[in-house]
Amino acid sequence: MPDSLDEIFQRAKQGRALFQNRDALSPDYVPEKLPFRENQIRQVAQILAPALHGSKPSNLLLYGKTGTGKTAVARLVVERLQAQDASKQIVTCYVNTRISSTEYRTLAKIAESLPLPEDKKIPGTGLSIGTVLDRIFTSISTTKAHLILVLDEIDYLVSAYGDDVLYQFTRAGEEVKPGFFTIVGISNDLKFKDELDPRVLSSLGEEELVFPPYTTEELRAILTAREKIAFKPGVVPSAVLNLCAAMAGSEHGDARRAVDLLRVAGEIAEREGIHEVTEDCIRKASERVESNRVEDALRSLPIQNKLVLLTASKFSNGTNTGDLYLAYEGLARRFGIDALTQRRVSGILAELDLLGLLEAAVVSKGRRGRTKRIRLLIHTGTLSKVMAEDSQLLGLL
Ligand SMILES: Nc1ncnc2c1ncn2[C@@H]1O[C@H](COP(=O)(O)OP(=O)(O)OP(=O)(O)O)[C@@H](O)[C@H]1O
Ligand SMILES: [Mg+2]
């Protein structure tokens, strides 16, 4: 039997006292200061500064693992640049191509930041990509705009749609005169450069900047500063912040993970009606954040990878490549999906292993050669939950 309503509300009332500004821990919050990124901030600022006297800055690519401050630095510099612009010619636009998700919506978002005449505005759907690009370029040219365009998580756009639109952008210099635009591309996937046409790469990567992971010590300082804004004094003991930093730094120094852990831990403490955030809250938060990470990874898998994973989940004590393949073929047939060759399935197993969703360890079978021992590493409950969201798999689950 759950707690009585009064108890739940009573705890919530007490718990709310833990936070003084919960938004400071939300994913969209950009802190005023970004310690340990002074160099990156200065370099990005130096590269973009020519826009202030009407010259086109170089295009720029920002790289680095997740949670290393790329988005925060780009947003901060672009905001400050715009604030310094007395001529009011600088137009800034920030688009996350993973969130805008389609090529069309990405372009529509860019168009929104420009002053397009009423009859040239971009409708929700219906225009060709070429027409939308034309309107964007014409607007930059006629308004003499100096556009600073931040394309965050640019790898999503490229892997889903190729680099055609980027190619058009890098070629549009003459067309947009006397206006200009500069692209700041951001990615945490270094491989995405391999998917770019060399001409696009050389233009987009005129300047490149790499963001290193934070050290645990740096994460601790970042958390301490954020904790002061977000929580009431004395609510988060320093040992708890240390644990949080250590856990967020265990793979690579990921500030996003650190901030997420702290927020979720605060929410857990609130729900439990306790007066401070404890180490136990951080551990519970870690489990929750980790399971969100797994769910996100599962959601973005291609259908065949999902099928292989589902097959592996049928063997509660693990299995080997041969037996897994037979079961996979059977399952594919039931779902009405064409089965891949054993070789391709081996490739998928290696990818799933890399993502930490299952373990595919090579074992020797003596004279009979080698096989792989396959073992699921995630809860079957999580797997079924996410798989049930997939319409292709839903019917049979
Ligand atoms: N130097 C810093 N000081 C304070 N907060 C920081 C710093 N660097 C990052 N953060 C915070 O950590 C979180 C993640 O940072 P950010 O979104 O910039 O990472 P990212 O490099 O863009 O990661 P991803 O590649 O996953 O998008 C944000 O909440 C941000 O405010
Ligand atoms: Mg980012």
Side-chain angles (χ1 to χ4, degrees), residues 19 21-45 60-80 93-101 106 109 149-159 183-193 208-231 236 241 244-245 247-267 285 289-290 292-294 296-297 299-300 355:
F19 286 106
N21 179 3
R22 184 197 306 257
D23 288 344
L25 297 171
S26 85
D28 302 326
Y29 179 84
V30 183
E32 272 173 41
K33 283 215 183 84
L34 296 170
F36 318 111
R37 284 296 172 258
E38 290 84 4
N39 271 332
Q40 284 80 3
I41 291 174
R42 195 172 315 118
Q43 288 181 61
V44 175
L60 167 65
L61 276 181
L62 307 181
Y63 281 115
K65 294 208 168 133
T66 180
T68 53
K70 303 177 297 295
T71 300
V73 165
R75 299 200 82 151
L76 182 124
V77 175
V78 165
E79 217 169 86
R80 298 285 170 82
C93 174
Y94 170 89
V95 194
N96 182 312
T97 78
R98 177 175 57 82
I99 291 171
S100 63
S101 84
T106 301
K109 187 97 199 282
L149 174 58
V150 181
L151 293 177
D152 203 351
E153 309 201 30
I154 190 174
D155 40 311
Y156 275 82
L157 182 72
V158 174
S159 65
I183 298 180
V184 180
I186 304 180
S187 169
N188 56 29
D189 176 13
L190 267 171
K191 282 192 307 257
F192 116 93
K193 285 213 286 192
E208 284 190 19
L209 222 61
V210 176
F211 284 55
Y214 293 110
T215 64
T216 304
E217 213 27 56
E218 289 171 342
L219 289 178
R220 203 179 56 79
I222 289 171
L223 281 177
T224 307
R226 198 68 71 89
E227 176 264 324
K228 286 208 173 69
I229 308 172
F231 288 93
V236 192
L241 282 183
C244 194
M247 289 178 91
S250 61
E251 264 172 53
H252 71 268
D254 178 344
R256 176 196 312 290
R257 201 178 147 85
V259 173
D260 280 352
L261 276 180
L262 191 59
R263 186 191 64 251
V264 175
E267 283 162 1
V289 168
E290 186 57 26
N292 287 345
R293 192 191 68 84
V294 168
D296 288 347
R299 268 187 205 104
S300 58
L355 288 170

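First listed ligand is number 1; within each ligand, the first listed atom is number 1. This structure is a prediction, so every number in the text was calculated from the model and none was measured.
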Any N or O on [X] sitting closer than 3.5 Å to an N or O of ligand 1?
{"X": "N188", "answer": "yes"}
{"X": "P31", "answer": "no"}
{"X": "T71", "answer": "yes"}

Note to self: If the cut-off is 4.0 Å to any non-hydrogen atom of P35, which atoms of ligand 1 fall inside it?
What the structure shows: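 This gives 1 (N), 2 (C), 3 (N) as the contact atoms.
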Shortest protein heavy-atom distance from [atom], along with the residue and atom involved:
{"atom": "atom 7 (C) of ligand 1", "value": "Y214 OH, 3.3 Å"}
{"atom": "atom 26 (O) of ligand 1", "value": "T66 OG1, 2.4 Å"}
{"atom": "atom 23 (O) of ligand 1", "value": "G67 N, 2.8 Å"}
{"atom": "atom 21 (O) of ligand 1", "value": "K70 NZ, 2.7 Å"}
{"atom": "atom 10 (N) of ligand 1", "value": "A255 CB, 3.8 Å"}
{"atom": "atom 4 (C) of ligand 1", "value": "I222 CG2, 3.5 Å"}
{"atom": "atom 18 (O) of ligand 1", "value": "A72 N, 2.9 Å"}

Note to self: I want to confirm something. Looking only at heavy atoms, which of S187, G69, A248 is nearest to atom 16 (P) of ligand 1?
What the structure shows: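 Minimum heavy-atom distance to atom 16 (P) of ligand 1 goes to G69.
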Item checked: Minimum non-hydrogen distance to atom 11 (C) of ligand 1, winning option of R226, K65, R257, R256 ->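 Looking at heavy atoms only, R226 sits closest to atom 11 (C) of ligand 1.
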Item checked: side-chain hydrogen bond (donor to acceptor under 3.5 Å, both in side chains): pairs with one or both residues in residues 209-223, sequence neighbours excluded ->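 Qualifying pairs: R37-Y214, E217-R220.
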Point-to-point distance, once rounded to the nearest 0.5 Å, from [atom1] of [X] to [atom2] of [Y]:
{"X": "R257", "Y": "M247", "atom1": "CZ", "atom2": "CE", "value": "7.0 Å"}
{"X": "T106", "Y": "L151", "atom1": "OG1", "atom2": "CG", "value": "7.5 Å"}
{"X": "N188", "Y": "D152", "atom1": "CG", "atom2": "CG", "value": "9.0 Å"}
{"X": "D155", "Y": "T97", "atom1": "CG", "atom2": "OG1", "value": "6.5 Å"}

Item checked: Under-4.0 Å salt bridge between R299 and D296 ->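 So R299 pairs with D296 through a salt bridge.
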Item checked: Non-hydrogen atom of Y29 closer than 4.0 Å to ligand 1 ->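 Per 4.0 Å heavy-atom rule, Y29 contacts ligand 1.
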Item checked: Any G64 heavy atom less than 4.0 Å from ligand 1 -> no
Would you say the side chain of [Y] lies within less than 4.5 Å of the side chain of [X], judging by non-hydrogen atoms?
{"X": "L62", "Y": "V44", "result": "yes"}
{"X": "Y94", "Y": "T71", "result": "yes"}
{"X": "H252", "Y": "T66", "result": "yes"}

Next item on the list: Just the protein N/O/S atoms under 2.8 Å from the Mg ion (ligand 2), please, no waters.
Entry: T71 OG1
Check: In this structure, are over 12 heavy atoms from other groups packed under 6.0 Å from E208 atom CD?
Finding: yes
Next item on the list: Check the surroundings of atom NZ in K65: do more than 12 heavy atoms from other residues, nucleotides or ligands lie under 6.0 Å from it?
Entry: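 Result for NZ/K65: open.
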Note to self: When you measure from atom 2 (C) of ligand 1 to the protein, is at least one non-hydrogen atom found at a distance under 4.0 Å?
What the structure shows: yes
Item checked: Residues forming a salt bridge (Lys or Arg N to Asp or Glu O under 4.0 Å) with E153, sequence neighbours excluded ->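 In terms of salt bridge (Lys or Arg N to Asp or Glu O under 4.0 Å), with neighbours along the sequence ignored, E153 is linked to R98.
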Notebook entry, point to check: What residues form a side-chain contact (heavy atoms from CB on, under 4.5 Å) with A265, not counting sequence neighbours?
Noted result: V277, C281, I282, A285
Checklist line | Heavy-atom closest contact (F19 atom, R263 atom, distance) | finding: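 Heavy-atom minimum between the residues: CZ-O, 4.0 Å.
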